[in-house]
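Following: one structure in structure tokens, then a few remarks.
Just so we're on the same page: letters track the sequence lines, and every chain starts at 1.
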Protein chains: 2
Amino acid sequence: MNYFGGIEAGGTKFVCVVTNEDNNIVAETRFPTTNPDETMSHVIQFFEQQNQVLPCPIASIGVACFGPIDPEPLSEKYGYITTTPKPGWRDTPITQPLRDAFHIPVAIDTDVNAAAVGEAAWGAAVGFDYFLYLTIGTGIGGGGIVNGRPLHGLIHPEMGHIRLPHDWQRDPYAGFCPFHGDCFEGLAAGPALFGRWGQPGDMLAPDHPAWELEAHYIALALQSLICTLSPKKIILGGGVMQQAHLFPMIRTQTLQLLNGYVQSPAILDDIENYIVPPGLGSRAGVMGAIALAQQVSHNV
Amino acid sequence: MNYFGGIEAGGTKFVCVVTNEDNNIVAETRFPTTNPDETMSHVIQFFEQQNQVLPCPIASIGVACFGPIDPEPLSEKYGYITTTPKPGWRDTPITQPLRDAFHIPVAIDTDVNAAAVGEAAWGAAVGFDYFLYLTIGTGIGGGGIVNGRPLHGLIHPEMGHIRLPHDWQRDPYAGFCPFHGDCFEGLAAGPALFGRWGQPGDMLAPDHPAWELEAHYIALALQSLICTLSPKKIILGGGVMQQAHLFPMIRTQTLQLLNGYVQSPAILDDIENYIVPPGLGSRAGVMGAIALAQQVSHNV
């Protein structure tokens, strides 16, 4: 009987869960992200309490972490949050305090890579070894699975920061990204909806022109991501994508932008199953952490 | 003693080579790409003649092929050129005629993926398992190596067709891509230089404003590709990149566009070794084909 721990470590809140051998969540807690010491103490306390009541202690822990992180096992700062602008969190070790406390394997990846791993295990990408998970919410990030493994590379992808065509006449909003102004995140994440229209996205009616423009930017990004990675499926999660009426608009505009160039039946004939919402819904991150925990447990 | 055959199958010309065990080219031919029957006959004839004079017959053949191709070994059309607009070449089998003629293993990949494999074997990416090769010439294409293997995915990447910001006031040229107008290829491949300035690139002086604009588009594309793939190195080949003065301009503008967001010493402190020309020069494609041949030979 194996129990696993999962942590969705976000910049605003932490979610910790324990799952049983049927991958059902048997315990859960969530608390605001304060400073690293206090936050990690809460995490450790939660799993210590669980270990006391479970039939056997948790076997391993996975962390789906806000970033940037160092995911390179051979690196000196493996398992650290590195250059985040979030006050107090720069150069913060995440995995080592958990290893020290529980003496079990601990895995870490970016929140979006973990969500992709979770979607591959139990969500919309079961059976896919090559796909893209994109979250569009307060920020925008992408996790890519290539040949069954998350993309890392030099550091890890930061797909929210690709550049897009920006028609300033149609949309004079300058974008809010402090680094790039009108990159994808700067133009299309939640704060851009608020900045452009003066209301949060979930206050805008489905027929508001905000959504056609939002779908336009997302489709521009998808066209570039399809041409760069050639994913076999694209999962769009995050708060903004809870506006379900965005999906048909995005599919239509993506097809228009590709303009028949990528001759694949998956895109041309079956776009409804090519660009899809997460199978795990808002659980993608934390269940991805569980999937990471199970992988690292099997590797030991 | 092992001899290998390599074919760089381009839309304009074919180059066929044979290498010896020291990876030196011992025979080479090149001829224009006409119709598939005639062209493939030339190829087969060349290798047949070589087999008669070599101490032993060639062990395997690799093809670095113009596309799109079907690189999926389990697919019905594996080894075909598929939806190319090139007259007469749509749905043309490339690997099977070679297997039928020589009864040896034959490998195929896109010209850019093959060039990347060649650069990893003997060029600028020796020791790198995660990098990007981009060719900027008559067209633009990208080959990505991730965890030591070329990116394929749904079909294969078409990195020349990502969308870029286009300041129409600065540059009223509409782009020449028949599918997307002002995508990366439409704005920055060789024909765009001619279309915009009325002269081919190699006639434009190094201080012509064409190059600052050209570097601008290439840097915009690199910024997006870095944010999507996080490559550990970027190799820029192709005819346009033979203008060596482009490299420092591209490096400077890429750093400006990233604006410190990707905190990696490889980029921030060592950009001269991060964005580089091919180590194999114009041999990248055909030596990539040889590398594919060697891999498929070892796999048998």
Side-chain angles (χ1 to χ4, degrees), chain A residues 68 82-84 129-132 142 144-149 151-169 177-185 219-221 223-234 257-267 274, chain B residues 68 82-84 90 129-132 142 144 146-149 151-169 177-185 219-221 223-234 257-267 274:
Chain A
T82 58
T83 58
T84 179
D129 67 346
Y130 201 122
F131 68 95
L132 181 62
I145 301 290
V146 168
N147 297 323
R149 293 165 60 187
L151 282 177
H152 288 132
L154 187 64
I155 302 180
H156 47 68
E158 287 284 353
M159 299 186 201
H161 296 270
I162 65 173
R163 301 284 173 132
L164 302 181
H166 178 188
D167 180 343
W168 288 82
Q169 292 214 298
C177 174
F179 291 90
H180 313 118
D182 62 348
C183 64
F184 180 25
E185 180 170 296
L220 281 169
Q223 201 248 355
S224 285
L225 294 170
I226 290 168
C227 286
T228 305
L229 284 167
S230 201
K232 295 181 181 175
K233 191 183 269 273
I234 296 175
L257 286 166
L258 284 167
N259 195 21
Y261 188 74
V262 179
Q263 286 280 327
S264 165
I267 293 177
Y274 185 70
Chain B
T82 57
T83 57
T84 178
R90 195 184 170 101
D129 66 347
Y130 201 122
F131 67 96
L132 180 62
V146 168
N147 298 323
R149 293 166 60 186
L151 282 178
H152 289 132
L154 187 63
I155 301 181
H156 46 69
E158 288 283 353
M159 299 185 200
H161 296 270
I162 64 173
R163 301 284 173 132
L164 303 181
H166 178 188
D167 180 343
W168 288 82
Q169 293 214 299
C177 175
F179 290 90
H180 314 117
D182 62 348
C183 63
F184 180 24
E185 179 170 297
L220 280 168
Q223 201 248 356
S224 285
L225 294 169
I226 290 168
C227 286
T228 305
L229 284 167
S230 202
K232 295 181 181 176
K233 190 182 270 272
I234 296 175
L257 286 166
L258 284 168
N259 195 20
Y261 188 73
V262 179
Q263 287 279 326
S264 164
I267 293 177
Y274 185 70

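Heavy-atom pairs under 4.5 Å with chain B peak, among A:K233, A:H180, A:M159, A:H166, at A:H180. Listed options B:C227, B:A266, B:G160 were ranked by heavy-atom pairs under 4.5 angstrom with chain A; first place goes to B:C227. Chosen from A:A221, A:S264, A:S224, A:P68, the residue pairing most often with chain B at heavy-atom distances under 4.5 Å is A:S224. Ranked by non-hydrogen atom pairs under 4.5 Å with chain B, the options A:S230, A:G144, A:G142, A:P165 are led by A:S230. Comparing B:I226, B:D182, B:L164 by how many heavy-atom pairs each has under 4.5 Å with chain A, the most go to B:L164. Each of A:L258, A:T82, A:V262, A:L220 has some count of heavy-atom pairs under 4.5 Å with chain B, and the biggest count is that of A:L258.
Contact annotation for A:T228: both backbone and side-chain heavy atoms come within less than 4.5 Å of a heavy atom of chain B. For B:Q263, the parts lying under 4.5 angstrom from a heavy atom of chain A are both the backbone and the side chain. Contacts between A:I155 and chain B at a heavy-atom distance below 4.5 Å involve backbone atoms as well as side-chain atoms. Contact of A:H161 with chain B is made through backbone and side chain together, with heavy-atom distances under 4.5 Å.
Between the CG atom of A:L151 and the CG atom of B:N147 there is a distance of 8.0 Å, given to the nearest 0.5 Å. Taking CG from B:L229 and CG from A:L225, the interatomic distance works out to 9.5 Å, rounded to the nearest 0.5 Å. For the atom pair A:R149 CZ and B:R149 CZ, the distance stands at 9.0 Å (nearest 0.5 Å).
With sequence neighbours left out, B:D167 forms a salt bridge (charged side-chain N to carboxylate O under 4.0 Å, His left out) with no residue at all. Remark: A:E158 pairs with B:Y261 by the side-chain hydrogen bond (donor to acceptor under 3.5 Å, both in side chains) rule, at least two apart or across chains.
Counting heavy atoms from C-beta on, the side chains of B:R163 and A:L257 come closer than 4.5 Å. Counting heavy atoms from C-beta on, the side chains of B:I267 and A:L154 come closer than 4.5 Å.
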